[in-house]
> 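Quick one: structure below, then a few questions.
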Amino acid sequence: MGSAGTEGGLITARDAGLVACQRCGQVHAQDSLYCKRCDGRLQSRDTESLQRVWAWLFAGMIAYIPANIYPMLLTSTLVERSESTIIGGVVELIEYGSIGIAIIVFVASVVIPIGKFLAIGYLAISVQRGSQDNQHQRHKAYEVVEFIGRWSMIDVFVVAILSALVQLNTIATINPGIAAVSFALSVIFTMLSAQSFDSRMIWDVNRTAE
């Protein structure tokens with residue numbers, strides 16, 4: 001068993017002549033074309049996975065640039081009009097003494113997006129190089145990236161809520177800036193990049209050399 005598999009005596013489904021349905025998880029013989037449970041098309045590996053991963057990842061990184069340069073919030077009152085970028089908002093929160101909220105915003109808006117870019121890029125590069133190192137850790141990293149993706153819209157949610165609640169005609173209004181749209185697009189593109197990644201390729205030892 002160990003001779004046909006990877007280190008530690010592990011063996012992949014592909015090595016065992018099996019393929020799992022990506023929709024429902026039903027396992028079939030490798031020569032099966034369609035899932036007998038959900039009729040989904042069976043594919044041992046998505047050969048175009050990495051191309052989509054890189055395309056969506058670069059799109060997300062490009063959209064993230066204006067998300068940090070342009071204002072996230074446009075606040076208008078009777079006496080002034082102000083614009084707040086992501087980092088500017090964090091600094092203002094710290095100045096007002098809301099350090100806890102500032103940390104949450106900074107982590108959700110800066111640390112997590114950049115961390116996701118680095119993690120997805122690392123996973124894609126390691127697969128392209130056919131790396132055999134830290135396969136369990138890399139698979140866990142992929143699961144973490146997918147899990148965090150659903151919580152990445154916190155800034156957009158806050159802006160949407162404030163825009164809906166603070167509309168006092170000429171007294172005070174809050175509107176989303178172009179950065180809110182850019183940030184939402186960056187999150188969506190990054191989520192699509194993570195979902196395009198075929199995590200089964202992590203376990204394909206020396207895949208690129210075959």
> Looking at Arg138 and Leu123, what are the two nearest heavy atoms and their distance?
O-CD2, 3.4 Å
> Looking only at non-hydrogen atoms, find the nearest pair between Trp54 and Gly121 and report the distance.
CH2-O, 3.9 Å
> Rounded to the nearest 0.5 Å, what's the gap from OG on Ser193 to NZ on Lys116? Could you check?
9.5 Å
> Which of parallel (below 30°), tilted (30 to 60°) and perpendicular (above 60°) describes Phe183 and Tyr64?
tilted
> Spell out, as yes or no, whether a donor-acceptor pair under 3.5 Å connects the side chain of Ser182 to the backbone of Pro66.
no
> Do you know which two heavy atoms are closest between Thr85 and Asn68, and how far apart they sit?
CB-O, 4.1 Å
> Do Ile120 and Leu118 share a hydrophobic cluster (ILVMFWY, side-chain heavy atoms under 4.5 Å, transitive)?
yes
> Using the rule that two of Ile, Leu, Val, Met, Phe, Trp, Tyr join whenever any of their side-chain heavy atoms come within less than 4.5 Å, decide whether Tyr70 and Val91 are in one cluster.
no
> Out of curiosity, does Leu185 fall in the hydrophobic cluster containing Ile178 (side-chain heavy atoms, cut-off under 4.5 Å, transitive links)?
no
> Restricting to non-hydrogen atoms, name the atom on Ala180 and the atom on Met72 that form the minimum distance, rounded to 0.1 Å.
CA-SD, 3.3 Å
> Return the minimal non-hydrogen interatomic distance between Phe197 and Tyr142, and the atom names on each side.
O-OH, 3.4 Å
> If hydrophobic clusters are built by linking Ile, Leu, Val, Met, Phe, Trp and Tyr wherever their side-chain heavy atoms come under 4.5 Å apart, do Met61 and Ile87 end up in the same one?
yes
> Whether the side chain of Ser49 engages the backbone of Ser196 through a donor-acceptor N/O pair (distance < 3.5 Å, no angle test) should be reported.
yes
> Determine, using the 4.5 Å side-chain heavy-atom cutoff (strictly less than), whether Phe189 and Ile62 are members of one ILVMFWY cluster.
no
> Using atom types as modelled and distance alone, determine if a side-chain donor or acceptor of Thr190 lies under 3.5 Å from a backbone N or O of Ser186.
yes
> Let me confirm one number: the NE2-NE2 distance from His139 to His136, rounded to the nearest 0.5 Å.
9.5 Å
> Looking only at non-hydrogen atoms, find the nearest pair between Ala67 and Ala179 and report the distance.
O-CB, 3.3 Å
